Participant: 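The structure's right below; bear with me while I get my questions together.
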Amino acid sequence: MLKIIRVDALDCSKLDIELSNGSLILFDMRQLMREPDFAVLLEDDRIYYPKTDGERVFWSDGPAITVEQLMEFIQTP
């Protein structure tokens, strides 16, 4: 099962995510910013401080994105 090794915010809409299999994902979050839980991250700059527990990307007192959700997003055209 894939694990998230590292996550960094590159700017207010892109995440750099490293997976346990060595893959790197440049994840564009603009589609998520339409959802209120994610949009609020921009208001207080929390968007720049993502964390991971290996199974998900999350923000303090905020939303989360699981590995499975990431895979769905990157496979959707």
Side-chain angles (χ1 to χ4, degrees):
M1 178 145 163
L2 284 177
K3 298 282 185 188
I4 301 169
I5 303 297
R6 176 187 57 78
V7 61
D8 295 305
L10 299 179
D11 59 28
C12 67
S13 66
K14 290 185 186 67
L15 296 177
D16 177 23
I17 302 168
E18 182 178 357
L19 301 177
S20 58
N21 67 357
S23 296
L24 297 174
I25 298 171
L26 181 58
F27 184 65
D28 187 344
M29 295 195 331
R30 286 182 287 184
Q31 60 189 349
L32 293 176
M33 291 304 166
R34 295 182 210 138
E35 297 180 26
D37 288 347
F38 285 92
V40 74
L41 295 173
L42 288 170
E43 294 174 9
D44 57 9
D45 289 339
R46 280 185 291 155
I47 197 74
Y48 295 105
Y49 304 100
K51 300 175 184 179
T52 186
D53 59 7
E55 312 237 342
R56 63 196 177 113
V57 173
F58 65 94
W59 289 264
S60 297
D61 298 321
I65 307 167
T66 65
V67 173
E68 292 80 17
Q69 289 171 317
L70 283 170
M71 294 299 112
E72 287 177 22
F73 280 123
I74 64 174
Q75 292 176 2
T76 303

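Count residues from 1 along the sequence. Keep in mind that what you see is a predicted model, and the values were worked out from it rather than measured.
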Participant: State, to 0.1 Å, how close Leu32 and Phe38 come at their nearest heavy-atom pair, and which atoms those are.
Facilitator: O-CB, 3.3 Å
Participant: Can you tell me how far apart SG (Cys12) and CE (Met29) are? Round to the nearest 0.5 Å.
Facilitator: 8.0 Å
Participant: Among pairs that include at least one residue of residues 47-63, which meet salt bridge (Lys or Arg N to Asp or Glu O under 4.0 Å), considering only residues two or more places apart or in two chains?
Facilitator: Lys3-Glu55, Asp53-Arg56
Participant: For residues Ile47 and Pro50, report the shortest heavy-atom separation together with the two atoms involved.
Facilitator: O-CD, 3.7 Å
Participant: Would you say the side chain of Val7 lies within less than 4.5 Å of the side chain of Tyr49, judging by non-hydrogen atoms?
Facilitator: no
Participant: Does any pair with a residue in residues 34-45 pass salt bridge (Lys or Arg N to Asp or Glu O under 4.0 Å), and if so which ones, sequence neighbours excluded?
Facilitator: Asp44-Arg46
Participant: Which atom names give the shortest non-hydrogen contact between Ile5 and Thr52, and what distance separates them?
Facilitator: O-CG2, 4.2 Å
Participant: For the residue pair Leu19 and Met71, establish whether any side-chain heavy-atom pair is separated by less than 4.5 Å.
Facilitator: yes
Participant: Just to verify, what does Ser20 make a side-chain hydrogen bond (donor to acceptor under 3.5 Å, both in side chains) with, not counting sequence neighbours?
Facilitator: none
Participant: How close do Phe58 and Ala64 get, heavy atom to heavy atom, and via which atoms?
Facilitator: CB-CB, 3.8 Å
Participant: According to the ring-ring contact (aromatic ring centres under 6.0 Å, His included) rule, which pairs have a member within residues 5-27, sequence neighbours left out?
Facilitator: Phe27-Phe73
Participant: Got a sec, which hydrophobics cluster with Leu26, joining ILVMFWY side chains under 4.5 Å apart, including via others?
Facilitator: Leu10
Participant: State yes or no: do Tyr48 and Val57 share one hydrophobic cluster built from I, L, V, M, F, W and Y residues joined by side-chain heavy-atom distances below 4.5 Å, directly or via other members?
Facilitator: yes
Participant: According to salt bridge (Lys or Arg N to Asp or Glu O under 4.0 Å), who are the partners of Asp16, at least two apart in sequence or on a separate chain?
Facilitator: Arg6
Participant: Should Leu24 and Leu2 be counted in the same cluster of Ile, Leu, Val, Met, Phe, Trp and Tyr side chains packed under 4.5 Å apart?
Facilitator: no
Participant: In Å, rounded to the nearest 0.5 Å, how long is the span from CD1 of Ile25 to CD1 of Ile74?
Facilitator: 4.0 Å
Participant: Not counting sequence neighbours, which residues clear side-chain hydrogen bond (donor to acceptor under 3.5 Å, both in side chains) with Gln31? List them please.
Facilitator: none
Participant: Taking the side chain as every heavy atom from C-beta outward, state whether Leu15 and Asp8 have any atom pair closer than 4.5 Å.
Facilitator: no
